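See below for the structure under consideration.
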Amino acid sequence: MDEIRKRAKELLENQTAKVVIGYGEGTAGKTRAVFIRKPEDTGQLIFDDRCEQNLAVYLLKHEVKHLGKLAIIATIPVMRTILQVASELQLTENDVVILGITPEKNLIELEGFKSVEDYLKTQDVGIRKEDKELLTKLTSLSLEEKWAYWEEELSRCIKCYACRAACPMCYCLRCFVEVNQPQWIPIAPNDLGNMEWHLLRAMHLAGRCINCGECGRACPVDIPIHLLTFKGVEDVHTDFNVVAGMNATMESVLSSFKPDDKETFIR
Amino acid sequence: MTGTSRIKYAPNVKIIRFPCTGRIDFMLILKAFANGADGVIVSGCHPNDCHYSTGNFHARRRWMVFRRLLEFVGINPNRIVWSWVSAAEGAKWASLVNTSTEEIRKLGPYDSYHKLANKPLEKEVFNG
């Protein structure tokens, strides 16, 4: 923790970065994102097991971007997000200083995207064990059981769009869900609209989701919506052998193709 | 060619034209179910025959992901029939419509999705 504070202070003092995005103490025992702009404030930075939020979501926010060059406390999901949004041409190497945190909570300096790519190759970037188990369990159910499960879960959705706000890949300035001529997805939280919204979200994240699980954590009614996008992560891996967020120059999975893509269902 | 060749096929399909399979947003397929369809045929030019050169390749990738996602949430993927049919394959089109109609008839009306779509909440909210 002291290491992080010291490094953040250096960066701010020598003006390498204008802001350090990190974790700070929040309310009710939770952590929150802090945006440190003065060297003397770096004492607010903390890092412990509670620091799960994917901070990369702030990198593309207009109001944060315009503060100047950003430094970010980057756990593995954050690094992957950075590479993914870089591959989508939303971020360049010069926009961000990456203060990498290893799973053992040590600080590592990562200069440039190439070193992030190399570092990630040595790390486990798979879906967490408990989510993997849930996925396997759900996949093994019959169609009727799956439908019943998701119908029930998604009926609780209150359409607050916290999942969208928390997701660093959902950076479109105008989201598809706001298309209202014609009204593409009902505004009010009704069962059909909820189902359509979550399927749309999952599809728009297919091949881009880096399985940080932030959407599921952000959900105020605890719907495991991250499983929908995780499903896409698995499928894209099986079908196209692609893992998102491992390479800053890769082509987007669903906006590219191979002439010999293999499917089994088209007659 | 089906019509020109005077080939008869089941009258159960409502044809919705798109410029290209690449234009078929996955949500349009869901909207068909929401509007009362029991099944959907998604069809277009064969790969390598695309008028826009790559539209159907992109569409194919999207469908591969979409189909698995539908199955994951419990929507029967067999309710959507995918097929490449070129403009010259009149006979293939007729047999595709006939077999798909039969298959989907066996699956019966898609009550679970229609029930979801016809929940009265929206009406209550918007019409007081």
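So you know, we letter chains A, B, ... as the sequences are listed, proteins then strands, and number each from 1. These numbers were taken from a predicted model, which means no experiment stands behind them.
Interface residue B/Phe57: backbone and side-chain heavy atoms are both found under 4.5 Å from chain A. Only the side chain of B/Val81 comes within contact range of chain A, with at least one heavy atom under 4.5 Å from a heavy atom of that chain. For chain B, the nearby part of A/Lys262 is the backbone; its heavy atoms alone come within less than 4.5 Å. Looking at A/Glu145, neither its backbone nor its side chain comes within 4.5 Å of chain B, counting heavy atoms on both sides. For A/Leu228, the parts lying under 4.5 angstrom from a heavy atom of chain B are both the backbone and the side chain.
Side-chain atoms of A/Lys146 and B/Val73, non-hydrogen and from C-beta on, never get closer than 4.5 Å to each other. In this structure, the side chains of B/Phe66 and A/Met203 come closer than 4.5 Å at one or more pairs of heavy atoms.
By number of non-hydrogen pairs under 4.5 angstrom with chain B, the leading residue of A/Leu141, A/Thr139, A/Asp239, A/Leu135 is A/Asp239. When B/Val42, B/Val65, B/Leu70, B/Asn78 are compared by the number of non-hydrogen pairs under 4.5 Å with chain A, B/Val65 comes out ahead.
Across all non-hydrogen atoms, the minimal contact from B/Met64 to A/Asp261 is SD-CB, 4.4 Å. In this structure, B/Arg68 and A/Lys231 approach most closely via the heavy-atom pair O-CE, 3.8 Å.
Judged purely by atom type and a 3.5 angstrom limit, B/Ser83 has no side-chain atom pairing as donor or acceptor with the backbone of A/Ile266.
By the 6.0 Å and 45° rule, B/Arg61 stacks over the aromatic ring of A/Phe240.
Inspection of non-hydrogen atoms places no residue of residues 44-52 of chain B under 4.5 Å from chain A.
Relative ring orientation between B/His58 and A/Phe257 is described as perpendicular, the plane-to-plane angle rising above 60° on a 0-90° scale split at 30° and 60°.
Here the two rings, on A/Trp150 and B/Phe72, have centers that are under 6.0 Å apart.
In this structure, the separation between CG on A/Leu199 and CD1 on B/Ile75 is 5.5 Å, given to the nearest 0.5 Å.
Between A/Arg267 and B/Glu103, at least one side-chain nitrogen of the basic residue sits less than 4.0 Å from a carboxylate oxygen of the acidic one, meeting the salt-bridge criterion.
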